[in-house]
Amino acid sequence: QSHSEANFCVFLSVIFVCQVYMACQSMLIVLIGSTSSSSSSSVSDQDEGSQQDSIVTEVRRQEWLLVHQQSYKVSLAGSLFFVGLLLGNVVFGPLSDRVGRRPVYLTGLFLEVIFGYVTAFSPSYEVFAGSRLLVGLMNGGIGLVCFVLTQEYVGKSYWAMTGTLTSMTFAVGIALFGALGYFIRPWRSLALVSNSTGVLCFLLSVTLPESPRWLYSQGQTERAEEVLRFMAQRNGSVVSNLRLHRVGVAKAGNHSNQRAGILQLMVHPILRLRTIVLMYVWYCCSLVYYGLTLGAGDSSGSRYVNVALYGLVELPAFPLCMFFINRPWAGRRKSMAAFLCLAGSACLCTIFIPENSSGSLALLGKLMVSAAFNIVYVYTSELYPTVIRNAGLGVCCMSCRVGGILAPFIPFMRSVSSSLPFIVFCLSGFSAGFLGLLLPETLHKPSVDTLDQLSPSLSRVLQTQVLTINITSLLYVI
């Protein structure tokens, strides 16, 4: 049994390694876009290394000198990455619902590695900025598909654990990138080395199978059985009479599957309310999360230590999530709202203390919003049916990326008032927390595969329970 579980974890481990790679790409601009070497650098930054190589000090071509009036281009490059994330969520989410998780994931990962090398060898700022946009496009797409795969490879009872581990490895990737940046100072070398981990991820990912849950929801029952048998063989199990029930949802050409599309998120009355609320919650989570994270390089002290700390501080959030979201008195909904309000409270408290002492509260705010961000990933995947899950996650991630696009510019508000960024984070946390209470609880509720199963009729509920037991029990046995 232990040998079987260890073999099965290989599939999830490959996706978790990919999260480390995506974290490095997300945080790249924080270190290689450092402005400490400009004429406005502080004494402490000078001590850390005024000769640090970054895109700000790139002088091979004159237009790379991003100081004075052109310093905004550093934040612009960071925002272009998040624009790419937004577009990737919009394009890759519905696409993977139609053609499958695996082909979309592998194609996106391959192209992200290619564009990552373009970043490292960019001859001009324009090429650099364009490559960051394209890297973000692929990063957003495969990040979404990665998360869905970790959910659909296992039964619903494991969704909270796999979702938490996905976010945890992303946080570990941030911390590792801070350490990597300390030892590799030239920005081109740092971009090259951090992107090379993507090659390893791609080579490992070609062994991943398609999601059996997606195949089943599309009526491809025979292929779903083949994948489950393959997974059983990899786990060292022998399943001779594996057959999925041929019931309504698994019939090819089923009408509910055909009409499932991104427009249903606004047309369907139940999905419409969920989508609007979730879009705002994702936006606020992203704004606060990336606003605090991207500001790590501007905080006092070593930027490398700050980046590592802003990654490591997320790790305690995940056992907290696992504890609260599986408790009946807390669940997904109340836990998410509570952590968002606590993040807002931490940011509010920073307003009333000296600026040079606000770092600890900012880290506490990052801890709380990381916990909320982890919960909203799991919570959202449970609120959408399988046939439209990636499209729903894609639209929510699109709203999330709007917050990411704005996040690099939030630190500039300090020129008006040092407390203004934290006021924005505070209001965002509180408003999203209270609005999230409008959503239904999903703890111990059966997973939904089709739009018809959102109907409250008794027959639909019974059918949903049968299908959930059917898929989940097979995944558990394998």
Student: Any side-chain donor paired with an acceptor under 3.5 Å for Asn139 and Glu112?
Tutor: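 Yes, Glu112 and Asn139 have a side-chain donor paired with an acceptor closer than 3.5 Å.
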
Student: Run the side-chain hydrogen bond (donor to acceptor under 3.5 Å, both in side chains) check on Ser205 and Tyr105 step by step: do they pass?
Tutor: CA-CA 9 Å; Ser205 297; Tyr105 166 68; 2.7 Å; yes

Student: Distance check, rounded to the nearest 0.5 Å: Asn326 atom CG versus Thr164 atom OG1?
Tutor: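 These two atoms lie 8.0 Å from each other.
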
Student: Is there a donor-acceptor contact under 3.5 Å from the side chain of Thr442 to the main chain of Lys445?
Tutor: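 The answer is no, because no donor-acceptor pair under 3.5 Å joins these two groups.
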
Student: Would Tyr290 and Phe82 satisfy ring pair (Phe, Tyr, Trp, His ring centres under 6.0 Å), going step by step from the backbone distance to the final call?
Tutor: CA-CA 10 Å; Tyr290 286 108; Phe82 285 99; 4.8 Å; yes

Student: If you define the side chain from C-beta out and look only at heavy atoms, does anything of Met368 sit under 4.5 Å from Cys341?
Tutor: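 No, side chains not in contact.
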
Student: Rounded at 0.5 Å granularity, tell me how far CD1 in Ile32 sits from OG in Ser189.
Tutor: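 That separation rounds to 11.5 Å.
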
Student: What closest approach, in Å, do Phe422 and Thr350 show between heavy atoms, and which atom pair accounts for it?
Tutor: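 Scanning both residues completely, I find the closest heavy atoms to be CG-OG1, 3.1 Å.
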
Student: Which salt bridge (Lys or Arg N to Asp or Glu O under 4.0 Å) pairs, counting each pair once, include a residue from residues 330-354, with sequence neighbours left out?
Tutor: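 Listed once each, the pairs are Arg332-Glu382.
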
Student: Please walk me through it: do Ser428 and Tyr283 pass side-chain hydrogen bond (donor to acceptor under 3.5 Å, both in side chains)?
Tutor: CA-CA 9 Å; Ser428 299; Tyr283 162 79; 5.9 Å; no

Student: Within 45 degrees of the axis of the six-membered ring of Phe323 and under 6.0 Å from its centre: does Arg327 put its NZ or CZ there?
Tutor: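 Ring-cation test returns yes.
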
Student: For the pair Phe170 and Tyr289, name the ring-plane relationship: parallel under 30°, tilted 30 to 60°, perpendicular over 60°.
Tutor: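 Taking Tyr289 first and then Phe170, their aromatic rings sit tilted (interplane angle of 30° to 60°).
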
Student: Would you check if Leu190 and Arg185 make a side-chain contact, meaning some heavy-atom pair closer than 4.5 Å?
Tutor: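 They are not in side-chain contact.
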
Student: Measuring from atom CG of Leu165 to atom OH of Tyr158, what distance do you get when rounded to the nearest 0.5 angstrom?
Tutor: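 These two atoms lie 12.5 Å from each other.
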
Student: Are Tyr377 and Trp282, when compared by the centres of their aromatic rings, separated by less than 6.0 Å?
Tutor: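 Ring centroids of Tyr377 and Trp282 are less than 6.0 Å from each other.
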
Student: The test is salt bridge (Lys or Arg N to Asp or Glu O under 4.0 Å); show your working for Arg101 and Glu152 and say whether it passes.
Tutor: CA-CA 10 Å; Arg101 318 307 197 201; Glu152 295 182 349; 2.8 Å; yes

Student: Would you tell me whether Gln151 and Thr162 have side-chain atoms, one donor and one acceptor, within less than 3.5 Å of each other?
Tutor: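 Present: a donor and an acceptor within the cut-off.
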
Student: What heavy-atom pair brings Val277 and Gly436 nearest, and what distance separates the two atoms?
Tutor: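 Nearest heavy atoms, Val277 then Gly436: CG1-CA, 4.2 Å.
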
Student: Show, in sequence, the C-alpha distance, side-chain angles and deciding distance for Thr166 and Phe16, and conclude whether the side-chain contact (heavy atoms from CB on, under 4.5 Å) test is met.
Tutor: CA-CA 6 Å; Thr166 301; Phe16 294 154; 3.4 Å; yes

Student: Do you know which two heavy atoms are closest between Gly178 and Val307, and how far apart they sit?
Tutor: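 Nearest pair, atom of Gly178 first, then Val307: CA-CG1, 3.9 Å.
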
Student: From Arg274 CZ over to Leu265 CG, what is the distance, rounded to the nearest 0.5 angstrom?
Tutor: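 Arg274 CZ to Leu265 CG: 11.5 Å, rounded to 0.5 Å.
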
Student: For the pair Phe110 and Phe202, name the ring-plane relationship: parallel under 30°, tilted 30 to 60°, perpendicular over 60°.
Tutor: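 If you compare the ring of Phe110 with that of Phe202, the planes turn out tilted.
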
Student: Donor-acceptor pair, Asn195 side chain versus Val113 backbone, under 3.5 Å?
Tutor: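 At least one qualifying donor-acceptor pair exists.
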
Student: Quick one: do Val127 and Val118 satisfy side-chain contact (heavy atoms from CB on, under 4.5 Å)? Show the steps, please.
Tutor: CA-CA 8 Å; Val127 175; Val118 174; 4.0 Å; yes

Student: Atom CG of Leu176 and atom SG of Cys24: how far apart are they, to the nearest 0.5 Å?
Tutor: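 Going from the CG atom of Leu176 to the SG atom of Cys24 covers 7.0 Å.
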
Student: Would the distance check show the side chain of Thr150 and the main-chain N or O of Phe147 forming a donor-acceptor pair, the cut-off being under 3.5 Å?
Tutor: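 Yes, Thr150 side chain to Phe147 backbone: donor-acceptor pair under 3.5 Å.
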
Student: I'd like to know if the side chain of Ser370 and the backbone of Glu314 have a donor-acceptor N/O pair within less than 3.5 Å.
Tutor: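 Answer holds: no.
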
Student: Just wondering, do Phe425 and Leu348 contact through their side chains at under 4.5 Å, heavy atoms?
Tutor: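 Not in contact.
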
Student: Do you know which two heavy atoms are closest between Cys201 and Cys18, and how far apart they sit?
Tutor: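 Where Cys201 meets Cys18 most closely, the heavy atoms are SG-CA, 3.6 Å.
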
Student: Quick one: are Pro212 and Tyr153 in side-chain contact, heavy atoms under 4.5 Å?
Tutor: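 Contact flag for Pro212/Tyr153 side chains = yes.
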
Student: Evaluate the side-chain proximity of Leu315 to Phe318: yes if any heavy-atom separation is below 4.5 Å, no if none is.
Tutor: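 They are in side-chain contact.
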
Student: Mind listing the side-chain donor-acceptor pairs of residues 400-412 below 3.5 Å, one per line with the distance, residues two or more places apart or on another chain?
Tutor:
| unit_1 | atom_1 | unit_2 | atom_2 | d |
| --- | --- | --- | --- | --- |
| Arg401 | NE | Asn89 | OD1 | 3.1 |

Student: Has the side chain of Arg188 got a donor or acceptor atom that lies under 3.5 Å from a matching backbone atom of Ser122?
Tutor: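 Side chain of Arg188 to backbone of Ser122, a donor-acceptor pair under 3.5 Å: yes, one is there.
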
Student: Under 3.5 Å, is there a donor on one side chain and an acceptor on the other for Tyr117 and Ser131?
Tutor: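 Per modelled atom types, Tyr117 and Ser131 side chains form no pair under 3.5 Å.
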
Student: Would you check if Trp187 and Leu31 make a side-chain contact, meaning some heavy-atom pair closer than 4.5 Å?
Tutor: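 No, every pair of side-chain atoms sits at 4.5 Å or beyond.
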
Student: How are the rings of Tyr125 and Phe128 set relative to one another: parallel (under 30°), tilted (30 to 60°) or perpendicular (over 60°)?
Tutor: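 Plane angle between 30° and 60°, so tilted.
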
Student: If only side-chain N and O atoms count, and only distance matters, is there a donor-acceptor pair under 3.5 Å linking Ser194 with Tyr21?
Tutor: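 No, Ser194 and Tyr21 have no side-chain donor paired with an acceptor closer than 3.5 Å.
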
Student: Please find the pair of heavy atoms, one from Ala129 and one from Leu80, that lie closest to each other, and give the distance.
Tutor: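 Looks like CB-CD1, 3.6 Å.
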
Student: Quick one: does Arg272's side chain have a donor or acceptor within less than 3.5 Å of a partner on Met266's backbone?
Tutor: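 Yes, Arg272 side chain to Met266 backbone: donor-acceptor pair under 3.5 Å.
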
Student: Under the criterion side-chain contact (heavy atoms from CB on, under 4.5 Å), I'd like the reasoning laid out for Leu137 against Leu85: C-alpha separation, chi angles, the key distance, then a yes or no.
Tutor: CA-CA 5 Å; Leu137 176 67; Leu85 291 179; over 6 Å; no

Student: Any idea which heavy atoms bring Met138 and Phe115 closest together, and the distance?
Tutor: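 Heavy-atom minimum between the residues: CE-CE1, 4.0 Å.
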
Student: Can you find a heavy atom in the side chain of Ile388 that is under 4.5 Å from one in the side chain of Gln264?
Tutor: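 Heavy-atom side-chain distance check passes, below 4.5 Å.
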
Student: Is any side-chain heavy atom of Asp97 closer than 4.5 Å to one of Val387?
Tutor: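 Val387 does not reach Asp97 side chain to side chain.
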
Student: May I ask you to decide if Val104's main-chain N or O and Thr107's side chain share a donor-acceptor pair within less than 3.5 Å?
Tutor: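 Checked: no pair found.
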
